[in-house]
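These numbers were taken from a predicted model, which means no experiment stands behind them.
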Amino acid sequence: MRGWAFLLGVVVLVSGCANGSVAEQPAAGTIEASAYRSRDDDARGGRFQITVTNASDAAITLQTVQFRSPAFAETPPSDRPLSMGPGARLDVPVTFGTADCAASVQPIEAVVAYLDASGASATETVPLAQPYDIIDRIHNEECAAERIAERISMTLTLDGPADSTGGVPTTGFPQRHATLTIGRGDAAQTDPIRVDEVAGSVVWNVVSDPAQPLPVTMEADSDQLRVPLLIGPATCADHVVADSKKPFVFPVWIAFGDGAPEYARIPVGDPTRSDLSEYLGNICHGS
């Protein structure tokens with residue numbers, strides 16, 4: 001009897017599926033997503049790319065893409081309305097918010113809104129693949145910058161007018177002399193502090209002054225280090241300047257004692273931002 005009961009159950013189950021009386025299984029996901037970061041993303045700061053793939057067999061129209069992780073404050077979705085055929089891939093720049101250094105990066109997700117082939121709105125929240133641990137690396141960098149900001153003080157000032165006799169390497173734009181002043185904090189009283197490298201943004205080129213090239217070190221018996229820099233426009237293209245969300249994100253790599261260099265950011269105060277913005281206008285538009 002048990003055998004007959006089993007066979008009867010199978011017949012009922014098959015019959016139910018055929019008649020649609022059994023709940024339908026969810027359809028396979030339409031969207032796949034993967035993260036990557038380009039050099040331009042590094043220069044702009046605060047963003048990376050999500051590669052969206054239409055994994056279905058029908059065309060869709062992408063609408064918005066948003067990054068989510070417990071370790072980052074939520075930011076608005078990026079608008080990218082574009083038709084995508086089956087198997088099509090599209091890179092969408094997305095922003096990330098302030099890092100929570102006590103939180104786990106996982107789960108990381110992409111929230112993708114689109115119109116399906118019939119024009120109906122749909123939204124999928126899908127796992128975000130991170131080749132080369134891109135999101136973990138961003139989180140580590142953000143938290144390293146936060147830790148360094150607690151250990152030392154940094155101030156960027158401009159020194160005198162633009163130097164019309166030379167240009168920042170690779171750009172040809174006039175440059176300004178600037179000084180990065182580093183002060184020793186309580187947590188680093190006995191460590192030598194070494195500045196290994198500086199970098200600019202998509203709008204600004206920031207390099208060390210050839211008169212005092214990097215690396216430079218604040219010795220253990222010193223309380224302050226002055227690092228001469230040169231700052232000049234990286235571009236005068238209006239669309240690049242207008243689209244840059246973080247033009248004043250200037251990376252710096254600093255090592256404490258025998259430790260490896262750590263990523264940080266040079267804080268740019270309002271007076272220096274104002275001076276640089278006026279300088280950019282004078283160089284690019286003569287105003």
Under a 3.5 Å distance rule, please check whether [X] uses its side chain to pair with a backbone N or O of [Y] as donor and acceptor.
| X | Y | result |
| --- | --- | --- |
| Gln130 | Asp136 | yes |
| Ser78 | Pro93 | yes |
| Ser56 | Thr30 | no |
| Arg37 | Gln49 | no |
| Thr235 | Ala237 | yes |
| Thr64 | Asp79 | no |
| Asp270 | Ser274 | no |
| Gln63 | Val112 | no |
| Asp41 | Ser38 | yes |
| Asp209 | Gln212 | no |

[X] [atom1] to [Y] [atom2] distance, which is reported to the nearest 0.5 Å:
| X | Y | atom1 | atom2 | answer |
| --- | --- | --- | --- | --- |
| Thr217 | Ile254 | OG1 | CD1 | 11.5 Å |
| Ile31 | Thr53 | CD1 | OG1 | 8.0 Å |
| Leu62 | Ser83 | CG | OG | 10.0 Å |
| Arg147 | Cys101 | CZ | SG | 7.0 Å |
| Tyr36 | Ile135 | OH | CD1 | 13.0 Å |
| Leu128 | Gln66 | CG | CD | 12.0 Å |

Considering non-hydrogen atoms only, spot the tightest contact between [X] and [Y] and give its length.
| X | Y | answer |
| --- | --- | --- |
| Ala220 | Arg184 | CA-NH2, 3.8 Å |
| Cys236 | Phe173 | SG-CE2, 3.5 Å |
| Ser277 | Phe248 | OG-CZ, 3.8 Å |
| Met218 | Asp223 | SD-C, 3.9 Å |
| Ala178 | Asp159 | C-OD2, 3.3 Å |
| Ala33 | Ala110 | CB-CB, 3.8 Å |

TODO: Tell me, yes or no, whether the heavy-atom count around Arg273 atom CZ, taken from other residues, nucleotides or ligands under 6.0 Å, exceeds 12.
DONE: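 Atom CZ in Arg273 is crowded, with more than 12 foreign heavy atoms closer than 6.0 Å.
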- [ ] Check whether more than 12 heavy atoms from other residues, nucleotides or ligands sit under 6.0 Å from atom CG of Asp133, and answer yes or no.
- [x]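 Yes - once you tally the heavy atoms of other residues, nucleotides and ligands closer than 6.0 Å, there are more than 12.
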- [ ] Only counting residues at least two apart or in another chain, list the ones meeting ring-ring contact (aromatic ring centres under 6.0 Å, His included) with Tyr263.
- [x]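 Testing Tyr263 for ring-ring contact (aromatic ring centres under 6.0 Å, His included), a comparison that skips the adjacent residues, returns Trp253.
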Between [X] and [Y], is any pair of side-chain heavy atoms under 4.5 Å apart?
| X | Y | value |
| --- | --- | --- |
| Thr179 | Leu229 | no |
| Leu214 | Val198 | yes |
| Thr155 | Ile266 | no |
| Trp204 | Pro233 | yes |
| Arg176 | Leu230 | no |
| Arg80 | Leu90 | yes |
| Ser69 | Glu109 | no |
| Met154 | Leu180 | yes |

Task: CA sep, side-chain torsions, deciding dist, call: Ile60, Leu115, side chain to side chain contact (heavy atoms under 4.5 Å, CB included) - done: CA-CA 6 Å; Ile60 65 171; Leu115 305 179; over 6 Å; no
TODO: Just grab all the ring-ring contact (aromatic ring centres under 6.0 Å, His included) pairs involving residues 71-117, residues at least two apart or on different chains.
DONE: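 Sorted pair list: Phe67-Phe72, Phe72-Phe96, Phe72-His139.
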Should [X] and [Y] be regarded as members of a common hydrophobic cluster, given that ILVMFWY residues are connected when their side-chain heavy atoms come within less than 4.5 Å of each other, either directly or indirectly?
| X | Y | value |
| --- | --- | --- |
| Ile134 | Val249 | no |
| Val203 | Ile283 | yes |
| Ile50 | Val111 | no |
| Val126 | Val94 | yes |
| Val92 | Val202 | no |

Open item on the list: Between Leu82 and Thr61, does the side chain to side chain contact (heavy atoms under 4.5 Å, CB included) criterion hold? Intermediate values first, please.
Closed with: CA-CA 5 Å; Leu82 193 68; Thr61 301; over 6 Å; no
Using a strict threshold of under 4.0 Å (side-chain N to carboxylate O), is an ion pair present between [Y] and [X]?
| X | Y | value |
| --- | --- | --- |
| Glu141 | Arg265 | no |
| Arg151 | Asp191 | yes |
| Arg194 | Asp196 | yes |

- [ ] Show your working on side chain to side chain contact (heavy atoms under 4.5 Å, CB included) between Ile108 and Arg68 and close with a plain yes or no.
- [x] CA-CA 6 Å; Ile108 51 176; Arg68 284 186 184 171; over 6 Å; no
Task: Stacked cation flag Arg137 on Tyr132, 6.0 angstrom / 45 deg - done: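 No, Arg137 does not lie over the aromatic ring of Tyr132.
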Task: side chain to side chain contact (heavy atoms under 4.5 Å, CB included) evaluation trace for Glu142 with Glu146 - done: CA-CA 6 Å; Glu142 294 296 302; Glu146 184 177 307; over 6 Å; no
